[in-house]
Amino acid sequence: MAEKTVFKKILDGELPADVVYQDDWCMAFRDINPQAPVHILVIPRKEIPALRDAGEEDRELLGHLLLVANRVARQQRLDDYRVVINCGAEAGQTVWHLHLHVLGGRPMNWPPG
Ligand code: DGP
């Protein structure tokens with residue numbers, strides 16, 4: 001069996017995390033290596049390795065994750081924020097469990113590096 005990702009270990013309670021929100025579909029917790037004053041990861045409980053692995057059956061889940069990103073941003077008192085999904089190694093993905101980065105609390109540059 002493939003080894004569990006760190007995010008699956010967090011979901012299973014095997015690794016600690018600073019959880020800011022959770023429900024039946026997802027969990028949100030602070031990134032261990034924050035790139036902004038607020039940097040939260042939103043992950044589905046379902047094990048989807050990357051966005052490219054999501055399918056039609058995940059339509060409702062994907063919408064839910066965006067709404068949770070919005071909810072978490074509001075909870076953190078962010079009006080302006082950025083949501084990032086890195087899909088694939090070349091795009092910067094390092095953990096093979098779909099996750100949304102919610103970043104805020106400082107001005108953001110464009111284009112991203
Ligand atoms: P990405 O590069 O898009 O795959 O983002 C992975 C993020 O996950 C990265 O910003 C660091 C974060 N991360 C990695 N391991 C852990 C961990 O054990 N705990 C937490 N809270 N975040 C982690």
Answer yes if Val20 and Tyr81 sit in the same cluster of Ile, Leu, Val, Met, Phe, Trp and Tyr residues linked by side chain heavy atoms under 4.5 Å apart, and no otherwise. yes

Pro37 and Gly105 have their tightest heavy-atom pair at CG-O, 3.4 Å

Who else is in the cluster with Leu67 when I, L, V, M, F, W and Y are joined by side-chain contacts under 4.5 Å? none

At their closest point, which heavy atom of Gln93 faces which heavy atom of Pro49, and how far apart are they? NE2-O, 2.9 Å

May I have all residue pairs that pass ring pair (Phe, Tyr, Trp, His ring centres under 6.0 Å) and include part of residues 4-23, sequence neighbours excluded? Phe7-Phe29, Phe7-His99

Look up atom SG in Cys26 and atom CG in Leu41, then write down how far apart they are to the nearest 0.5 Å. 12.0 Å

Residues which pass side chain to side chain contact (heavy atoms under 4.5 Å, CB included) with Ile32, listed by chain and number, not counting sequence neighbours: none

For Asp79, enumerate each residue passing the side chain to side chain contact (heavy atoms under 4.5 Å, CB included) test, keeping only those at least two apart in sequence or located in another chain. none

Is there side-chain contact between Leu103 and Val38, with at least one heavy-atom pair below 4.5 Å? no

Which residues share a salt bridge (Lys or Arg N to Asp or Glu O under 4.0 Å) with Arg59, sequence neighbours left out: Glu56

To which residues is Trp96 joined in a hydrophobic cluster, defined by side-chain heavy-atom contacts under 4.5 Å among Ile, Leu, Val, Met, Phe, Trp and Tyr, whether direct or through other members? none

N/O donor to acceptor pairs below 3.5 angstrom from side-chain atoms of residues 9-16, sequence neighbours left out:
unit_1	atom_1	unit_2	atom_2	d
Asp12	OD1	Lys8	NZ	3.3
Asp12	OD2	Lys4	NZ	2.7
Glu14	OE1	Lys4	NZ	3.4
Glu14	OE2	Lys4	NZ	2.6

For Glu90, all residues meeting salt bridge (Lys or Arg N to Asp or Glu O under 4.0 Å), sequence neighbours excluded: none

With the 4.5 Å side-chain cut-off for hydrophobic clustering, are Ile85 and Met27 part of the same group? no

Filter on side chain to side chain donor-acceptor pair (under 3.5 Å), then keep only pairs touching residues 25-46, sequence neighbours left out; what's left? Asp18-Arg30, Gln22-Arg45, Arg30-Gln76, Asp31-His39, His39-His101, Lys46-Asp58

Closest heavy-atom pair and its distance - Ala73, Val102: CB-CG1, 4.3 Å

Roughly how far apart are Leu62 CG and Glu57 CD, rounded to 0.5 Å? 9.5 Å

If you group Ile, Leu, Val, Met, Phe, Trp and Tyr by side-chain heavy-atom gaps below 4.5 Å, do Leu98 and Leu66 land in one group? yes

Of all pairs that satisfy side chain to side chain donor-acceptor pair (under 3.5 Å), the ones with a partner from residues 104-113, not counting sequence neighbours: none

Would you mind telling me which of Leu65, Asn70, Val72 makes a side chain to side chain contact (heavy atoms under 4.5 Å, CB included) with Val68? Val72

Give me the atom names and distance for the closest heavy-atom approach of Val42 to Ala69. CG2-CA, 4.2 Å

To check you understand the geometry: which heavy-atom pair defines the closest contact between Met108 and Ala36, and what is its length? CE-CB, 4.1 Å

Here the pair of heavy atoms bringing Pro112 nearest to Arg82 is CB-NH1, 4.4 Å

Could you note down all residue pairs passing salt bridge (Lys or Arg N to Asp or Glu O under 4.0 Å) where residues 67-77 supplies at least one of them, sequence neighbours left out? none

According to a 4.5 Å side-chain heavy-atom criterion applied to Ile, Leu, Val, Met, Phe, Trp and Tyr, with indirect links allowed, do Leu78 and Val83 form part of one hydrophobic cluster? yes

Determine, using the 4.5 Å side-chain heavy-atom cutoff (strictly less than), whether Val95 and Leu100 are members of one ILVMFWY cluster. no

